[in-house]
Number of protein chains: 2
Amino acid sequence: MAEQDSDRSVSQTVRAQLRLRDLILSGDLRPGERISELQAVEATGASRTPVRMALVRLEEEGLLEAIPSGGFTVKGFSERDVLDSIELRGALEGLAARFAAERGVSSRDLEPLKGCLDEIDSLVQRDRISIEAFSSYVTLNARFHVLLTELSRSPSLIRQIDRASALPFASPSGFVMTQSELPQAHETLLIAQDQHRVVVDAIENREGARAEAIMREHARLASRNLRLVLKNKTHFDLLPGLALIRTAGD
Amino acid sequence: MAEQDSDRSVSQTVRAQLRLRDLILSGDLRPGERISELQAVEATGASRTPVRMALVRLEEEGLLEAIPSGGFTVKGFSERDVLDSIELRGALEGLAARFAAERGVSSRDLEPLKGCLDEIDSLVQRDRISIEAFSSYVTLNARFHVLLTELSRSPSLIRQIDRASALPFASPSGFVMTQSELPQAHETLLIAQDQHRVVVDAIENREGARAEAIMREHARLASRNLRLVLKNKTHFDLLPGLALIRTAGD
DNA sequence: TCCCGATATTATGTATACAATAATTCCATA
DNA sequence: TATGGAATTATTGTATACATAATATCGGGA
């Protein structure tokens, strides 16, 4: 009762899932903390049934952990977990690139990808990038990765990549940056964009192994970058705020 | 009410999930077929709430597909899907092997793996294998793969491999064989076992790239074998009975 | 003071009633 | 006969009551 705001067209389940995910990612719910249904009901405004569904889905998503005796806790992630997830995504996207190359793609299929890259180019000036442009880059980069994944035309693989990218720090998103980190991001971004071009070229020329290798290297660039960013922080602020520490240059 | 059989210690949700999975994998529910809650309630004996939970979990597992307007259908898989899933698992297990090699494992960690391989060896005679021994092999092989995966000590990766193996045809299980296919299986099995040994050796010597390459090749052996088996069948009996057509030699 | 056990409380698992939406059927009309 | 629409039917989404199991609290005894 008492529907407050939000879109009424989506189900309570989805709304609850979205809201709870926000709560977790924003750090309002801390890792290890038990999340009771009643609490979730109060936070979301939905009743227990949709809340339970949302909790199950969030568990499958990897944000929650089931307690054997019942209920869920918020999952915590170590730096190693984050780095592994990036490497994992690299392996998966590498496979996607190889599939695309081996199975062949028409030049028509490649158009959107190239368009995406051209847009990125137009965003980046030779020696610097504005913070607004950087946020556009994050969007375009995500699109590029999605398009590339779909080129594999392998539903099972696409599905798996989606799931691996569900964890925000594992997704190819770029991080929220402070002004001071911008130069470093600019440099990384140039390398990343170069790799983007090479992958497309490899796929075009049906060089599967090369396409795969580059995508893996691409992920390593991301983890290298994350490590650099982390080194500058006094400590790794694990999960509260982890949503803000995404990986860049990828 | 009216609990008929089964274990009462597990929840209705889990029971329903198990039962429905059986129904799908055995082919009683055909691909594309819509599965209504009421129908599922009748089939499982549980009420709608646990049934709904089970359906959500089966969707996440990849056996069901959500209909936008609500409800679920049984997912169908093409031969390509199956082959891709095997290749995917190969990539994932390859990564696990590399992690294990790079991060180093104590000889104590390797013991159970080696024990597993020794048991397999004792099962296989030089020139043939009995059908009973083959079924033991399937179990031991699955254990080997689980142990290897765990050696990566990477929770995110282990989780992902579990999910990729949830689909029975993608899991390293070995197929139910007819007597006539046994000689071929024997041959494949010898190669597979050799690869098992090589992976362990590579991990022991911290040769990450080699360990990874072998595990990938290992998966290719599986898909090669599946293709061979499929060639002998008049048609690929997609999902009804797919549970029976698992891949061997891996 | 500490530990153990019984009781009370809270949380989750399950069942079911109700509401809203999607699907189907059937009839009327072109 | 085909088609469109309205009414009916079925199915899912949601809320909530009840049962059961886990957890916390409190009191008594060593």
Distance only, no hydrogens: is a donor on one side chain within 3.5 Å (strictly under) of an acceptor on the other, for D84(A) and S156(B)? no
Polar side chain donor-acceptor pair, D162(A) to S165(A), under 3.5 angstrom: no
Can R21(B) and E61(B) be counted as an ion pair, charged N to O under 4.0 angstrom? yes
Is any side-chain N of the basic residue among R98(A) and E87(B) closer than 4.0 Å to the acidic one's carboxylate O? yes
Atom pairs, protein N/O to nucleotides 11-13 of chain C N/O, distance under 3.5 Å:
residue : atom : partner : partner atom : Å
dT12(C) : OP2  : E37(A)  : N            : 3.0
dG13(C) : OP2  : R52(A)  : NH1          : 2.6
dG13(C) : OP2  : R52(A)  : NH2          : 2.8
dG13(C) : N7   : R48(A)  : NH2          : 3.0
dG13(C) : O6   : R48(A)  : NH1          : 2.9

Are Q39(B) and L29(B) side-chain neighbours, meaning at least one heavy-atom pair lies under 4.5 Å? yes
Side-chain N or O of T49(A) less than 4.0 angstrom from OP1 or OP2 on dT14(D)? no
Taking for I67(A) and for S47(A) the nucleotide of DNA chain D with the nearest heavy atom, the one nearer the 5' end belongs to S47(A)
